[in-house]
Structure formats: C-alpha cells, structure tokens
Protein chains: 2
Amino acid sequence: MRKDELIYQQMLKAIVEHHLLPGVRLPEDQLAETFQISRTGIRKVLHRLALERFVTITPNKGAHVAKPTAEEAQQVLDSRILVEPVLIDDVVTHWDESSKTRLYGIVQQEELAEQNNNLKDMIQLSALFHTELASLSGNQVMAEFVSQLTLRSSLVIAVFGSKQSVGCDCGHHHDLVDMLDKREAGPAKIWMKRHLEAIKASLQFTIDKPKSINFKDLFSTI
Amino acid sequence: MRKDELIYQQMLKAIVEHHLLPGVRLPEDQLAETFQISRTGIRKVLHRLALERFVTITPNKGAHVAKPTAEEAQQVLDSRILVEPVLIDDVVTHWDESSKTRLYGIVQQEELAEQNNNLKDMIQLSALFHTELASLSGNQVMAEFVSQLTLRSSLVIAVFGSKQSVGCDCGHHHDLVDMLDKREAGPAKIWMKRHLEAIKASLQFTIDKPKSINFKDLFSTI
DNA sequence: TATTTTTTTATTGTATACAATCTAATAGTA
DNA sequence: TACTATTAGATTGTATACAATAAAAAAATA
C-alpha cells in the first residue's frame, strides 16, 4: 500500500475513534516527523481529510480536526435517515447466503466488543456494519456515500454524543439481519429509520474542550 | 478567491462541459504552464478532482479525465433515482416564494439556451436546476451529494450519452416546478423518478476515442 | 500600569531541485 | 526481419528551500 494512503487511514482512524478530538490542531511539522515523511506528503493527506470533512483547513492557519456544528450534525444524521432505508430494497434483492454470513459475522464481533466494553471496537464495528450493509445493495456509489456519512457520524458523536450513543446499541443490529434474512424489506426499512432516529435523538448539545496532544505517543499506541 | 480554487473550477467546468473528454491525459507541466502556476498547485487541483471522481490518477502515470465504466454510469444514475425523489418532501416543506422565483428563473434560462441550441449552457443549467432543487431541501449535506452526482452525470453522458440526453429535456423541468408550487409532493416524486429513469434509459454504450489537446488554446476560449 | 507598536518566532504557502519510474527509441541478437 | 535488451528521454513522486503570513513576545509610549 502507498505510504500516504496508510497515513491517511491511521489519521482517519484516530479521528473517528476519538483519539484526536474535534478542534485539535494538526501542525504539519509534528505530523511529518511523526510519520517520517516530508510536509508535502502530510499536506496531501490533510487536504484529502479536509475534502471529506474530517479536517478543516484555514488559510495560513493550518489544519484542525473538524468540529461539526449542531446544524451539520443534524444534517448528517438526517441524510442517513433519508438514504439508508431506501437502500434496503436493493439489499433484499441481492440477498444471499454470503450476505448473511458477512453481516452476522460483524454482529457477533459487535456483541463481543460490547461484552468487553471495548469502546474503540464498538465504534469501528458499528460503522462497519452500516457500511457493509450499504455495499450489499450492489451500488458502490451509494455505499461510498453511506461510508462517509457513518464516519462523519463518529465525529458528530464525538461532539454531541453521550456515552450510550457511541456504538448505537449494537445488540439491535442482530434483529435487522433477521428481518433481512426473511426478506422482510418493509419492516427492515422502518426498523432502520427508527434506529437512526434513535441515534439522532441521543445527541446532546454539550461541548467539551480540546487539550494538547503528543502525536508520537498517540500513534505509537494505536 | 484563491488561485487554485479558480483553476479547480475552470478544469471541472471544462470536463463537465465536455471540452476535456474522458480519457484525455492531463500532464502536470502543460497545465502548470497554462495556468501560470507551479506543478505543486496543479497537483493539488488534480488530487481534488481525483477524489471527486472527475479525474483518475494512476501512480507514476499521471492524471487523465475519468472515463466511467458502464457499471459506474448506471450506479451514478441509480443513485440519483434513489436519492432525488426522497428530497422532494423536504423541498415542499420549505417551499416559499423565493424557491419558486429561483427555480423558474433557472427554467427560463434553460428554455432560452435550448432555443439558441447552446449545448454548453444547457448542460450547465440542467445540472444547476437539480442542484438548486436539492439545496432547497434545506439539507446541505444531501445537496452537496446531489451536486456531485449531477456533475458526474455530465461525465457519464460524455461517454454513454446521445445528443438528446445531454440537457435532459429542459422544457420538462417547468412541469416539476408547477407541481412543487402546488405542494403536490407525491406526483412530484414520481415525476422526478421517471425523469431520471428517462435519462438513464437514453444512455448508449458506444465509446469514442480521445484526441490530442492544446490546453492553452482551450482555456483561453472558455 | 495599561495599551499600542515593534520585533521576533513559528507556521503555512509556493516553487524548485533531485530521485524514481515509466515510455520510446535505438541497438543488438537470433 | 522479428524479437529482445539496453539506453535515452520524458514525466511523475518526494523532499527541501525560500517567501508570505500569522501568532507571540518584547519594547515603547501614554
């Protein structure tokens, strides 16, 4: 894999898993040194993250982890409420044994992570579930969009989420897969809509402040 | 406006309006000279266009105008068929006098462009109509997604479109605005779905080959 | 002492230089 | 002649140097 691609994934992961909190400054020099690459390479990664809304770049002031506004937060969740249910029809259409295996596999990992109270994995697996489900619709364009939305949701939750909203009640995903496996598209759509509405409803508009970060330590432990 | 932002828009416009056809090579040196900027600046623009799928960058081989596959083409249109109708409800909810003025304004320009057989404007205005409509839903996140999809549709049409599919029968947009102004959400949704399905149905799977381009001449005439 | 101005420092923006890689042209061999 | 190997040229990938800007610290003035 290309080096900058790897760095991109590490940084995205750090943001999505709340190791780098919204508002935290991302100085090019420190990151360049951390990843043993020139500033050119880091800038490429930062610009990509900026285009995908995980980072904001202010001219002559540098990059920060994006801090979604309340408005943006709601729009991201509203988008998912609008989009994810309409993908269900296509998921059911393409449903087969491997879909079942794939999704139940993720659900199982989610339940394990929940038992171990592994917050990091819970966030990642919950996003993975929604992304995988979207890609089972067969439409790669939509799948990418949903993937971005779920990732942005993690940022939103970092700002406005309470503890219980982090993993979006993993256990329940099991119920959805049951419905899909019975080809019950209608109920599954309704379930998905309510599921996402519940996440949105769990958002609280309290903000905590960022603190200084040692990038080398951070990325050596992840 | 920042210089690279301007260059980005010029290049995107050239691609979307079919002045730069899919498959055309985009050498950094020539572009840098054309826009009187260093390769660094051009690379930034090219990477952005690549992330948004208007350009493909192959390692050590450089950038080309993206040439969507038949599969991708269908998925882009399918995405629009899925997404644009569900936005109608929110458009109707937020509908007011200014929405009406805005959309009828665009429709009027579309009809003018059609009379003058101005292909360039027809493409641009048709995309603008769909984008504006989406932004009237009040959801900026969805609006951006739809904007990208309409732009990508232009690329798709450059590869698989026939003459009549270019501007997606502008005249008809008028009918949609009429429905919206009467708050007829249901019929408007159906109309939109059929409208987009018609565009998809008009696609033909014939491919023509790219030819060499003089970038300086091209961008001095746009 | 408080406030403004100046100077210094740190950080980003841009261009260029060099290295790595691919393309093609040429030369060599069967 | 056809095919492979080697070399030369062109193009991209990456790092670094310098310029421009912003932030912080120090000095000057009221």
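Hydrogens, waters and symmetry mates play no part in the numbers below; they use all other heavy atoms, side chains included. In what follows, every chain begins at residue 1, and chains take the letters A, B, ... in the order their sequences are listed.
The aromatic rings of A:Phe129 and A:His173 sit parallel, their planes meeting at an angle under 30°, below the 60° perpendicular limit.
The separation between B:Asp29 atom CG and C:dT16 atom P is 12 Å, rounded to whole Å. Regarding B:Gln36, its CD atom lies at a distance of 12 Å from the P atom of C:dT16, rounded to whole Å. Across the protein-nucleic acid pair, A:Asn60 atom CG and C:dT14 atom C1' stand 11 Å apart, rounded to whole Å.
For B:Arg43, whose side chain is taken as the heavy atoms from C-beta onward, the closest listed nucleotide among C:dT14, C:dT21, D:dT14 is D:dT14.
Legend: residues meeting side-chain contact (heavy atoms from CB on, under 4.5 Å) with A:Glu33, ordered by chain and number and at least two apart, are A:Lys216.
Between C:dT23 and B:Lys61, a contact under 4.0 Å exists linking OP1 or OP2 to a side-chain N or O. Within the structure, every side-chain polar atom (N or O) of A:Arg25 is placed at least 4.0 Å from both OP1 and OP2 of D:dA22.
Both A:Arg39 and B:Ala63 lie close to DNA chain D; mapped to their nearest nucleotides by heavy-atom distance, the more 5′-ward contact belongs to B:Ala63.
Residue-to-nucleotide contacts include no donor-acceptor pair under 3.5 Å from the side chain of B:Arg2 to the base of C:dG13.
In this structure, a donor-acceptor pair under 3.5 Å is present between the side chains of B:Arg80 and B:Ser153.
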task = Go through the steps for B:Tyr104 and B:Gln109 under the test side chain to side chain donor-acceptor pair (under 3.5 Å), then give the verdict.
result = CA-CA 9 Å; B:Tyr104 273 130; B:Gln109 289 181 68; over 6 Å; no
